[in-house]
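Here is the structure we will look at, set down as structure tokens.
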Amino acid sequence: MKVIGIIASALYYASITSALWPVKDFRVNDINELSKLSITPKKKISIGYKDQTVLSNNDNQDNKNAPIIELGNDVQMLLTDVDNSIYYLLTTIVDTSTNYEEQFSLLLDTGSAVSWLYNQSCIQNGCNKPNINKFDDYSKPLKMGTTFELLYTGEEVSGNTLSLIDNGLDIIFGNDLTFGNISIGITNDSPEMFDGYNISGLLSSADSRNLVRQFYVDQVIDQQVFSLFLISNDQNYNINTTTDNLPDGFGGLIIFGSKALDLQSNFTNSAEIHYTNLLPNDNSYWLINISNIQISDSYNQISNFNSSTFSTQREAIIDTGTTGMVFPVDDANIIHQQLFNGNYITDNQGNYAFPCNASSSAEIIFTIGNSQLNLSASNFMGEPYTTASLEGYCASKIQGINDYQYWVLGAAFLNKFYTIFDLSNQQLGFAQLSIDSFKIENPSPIQIQSQSETQSESETQSDSTTSSIPSTLTTSKSTHLSSTSTSASNSSNSSSDRKGNGAFKYESFIPLHMLLAALIICIIL
């Protein structure tokens, strides 16, 4: 018993970690007064198909020479909502022994180390919607695994892990890739910020226990690498499909294994990928160093970032689960001041607005590795305000958060680059996108039946503005590893709340040195 206690204790402390959460709309009801907004999702909508999908106003654009991207096991389609606030995959869980088959929309999150689904008994917040699918394959006994607990800002999400392979279950991505060697958390808790989205859970891709690692171990892919191409509303793409089955909510691609490297030239002008090493951290973050930051202002004058601290270096988390970008509030203030020469508005709670006609020369210049990556103000420009007092101003997708040490570069950053996540070599690679036209070939068309499109419909207010922005965040999390039932609670509702990142332990990944250490301690005692 003493050995078991020591081992359990060691595993508990080894699994403490933290992570981030997606953001919603960036406008606030009054830029001078923080307000909270209730989000109501749209009714169930079936994803439709066009004979020819053109994400551009130029129907006559000649793309005969456009590259052809063939969907398959290693090239999977991402979907997005109308605001590009989240990116998700359609998955189906199948149990042939019970004829169970259920489709789930899972948020793709590089800032989390746990994949999880709503349980059938979840009735709060986002769960309490008729168009949300929840796991309910309980016509046979299931072998539940360890408990997990995610500590969020003042709340938690908890449940039990479920090994698909141990319970005769498979998860299908698209209509091609069937896989069972993965554990998924099952929870009765619903993060409140999910209330605005038709999402059934989360698919993690953060650490060595994640889906990519398992794909590689089971020889589904040949390298522990994946890449992302994310579509955004501020960029026009002419996309044709050879099989006429591209969904309206097409949001980009996730590409696995060596194919991620092979297809890079289709999306960028240069054959060169600019790599930077990951920084060691306890949270399974894709954490990198920004060695220098420069600002090009509205008058095309370039200056160094006037950091409030001695160093201009910053550590940044690359997170698909965050819509915009999050900086410590002092840094966010300075960034807006330098970019727009003082012509910006703030509520002093981390929310900002700047002129919608801001000069294209207003850029943040990141030095990452040995390369400079430029991000224009148009890439982090949100929706325009419609009230008379704020006419001509757009919400900024850069938010300021108190008492947070990292910068967080979310989708507003990533959708300008073809990004390679290299687990084997512990590095991230970036190449600027230079594609405006391509064709998608899908030899095995996805069949979508009664699947609701993910939307984030904001509740209309008197001034037609939306969303709430938090002024605090928490990143602490602990994962309890036991066989007990979970406790029920939920996550706080805020547009940039950060999440505790539940990293449960698979038995096959328990380090041998930890077991040996526990035995030695027991013998000594």
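Hydrogens, waters and symmetry mates are skipped; everything else that's a heavy atom, side chains included, is used.
Checked by atom type, the side-chain pair Tyr216/Ser424 shows no donor-acceptor distance below 3.5 Å. Side chains of Ser200 and Asn133: a donor-acceptor N/O pair is absent below 3.5 angstrom, by distance only.
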Audit row: Ile317, Thr322, side chain to side chain contact (heavy atoms under 4.5 Å, CB included) steps and yes/no:
CA-CA 10 Å; Ile317 299 164; Thr322 296; over 6 Å; no
The test is side chain to side chain donor-acceptor pair (under 3.5 Å); show your working for Asp170 and Thr178 and say whether it passes.
CA-CA 6 Å; Asp170 286 312; Thr178 301; over 6 Å; no
Worked check of side chain to side chain contact (heavy atoms under 4.5 Å, CB included) between Ile364 and Ile295:
CA-CA 5 Å; Ile364 306 174; Ile295 305 297; 4.3 Å; yes
Could you go step by step and tell me if Phe305 and Phe366 meet the ring-ring contact (aromatic ring centres under 6.0 Å, His included) rule?
CA-CA 10 Å; Phe305 169 54; Phe366 304 88; 9.9 Å; no
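Within the 4.5 Å cutoff, the side chain of Ile335 has no heavy atoms near those of the Phe380 side chain. Taking 4.5 Å as the limit, every side-chain heavy atom of Gln264 sits out of range of all side-chain heavy atoms of Ser227. At least one side-chain heavy atom of Phe135 sits under 4.5 Å from a side-chain heavy atom of Leu169.
A donor-acceptor pair is defined here as one N or O able to donate and one able to accept, closer than 3.5 Å; no such pair exists between the side chain of Ser190 and the backbone of Asn125. Asn415 places no side-chain N or O within donor-acceptor distance of the main-chain N or O of Leu230, the cut-off being under 3.5 Å.
When every heavy atom of Ile273 is checked against every heavy atom of Phe430, the shortest pair comes out as CG2-N, 3.7 Å.
Relative ring orientation between Phe438 and Phe229 is described as perpendicular, the plane-to-plane angle rising above 60° on a 0-90° scale split at 30° and 60°.
Among Val408, Leu409, Leu414, the single residue meeting the side chain to side chain contact (heavy atoms under 4.5 Å, CB included) criterion with Asp319 is Val408.
Taking Asp95 as the reference, Lys140 meet the salt bridge (charged side-chain N to carboxylate O under 4.0 Å, His left out) condition, with sequence neighbours excluded. In this structure Phe179 satisfies the ring-ring contact (aromatic ring centres under 6.0 Å, His included) test together with Phe215, sequence neighbours excluded.
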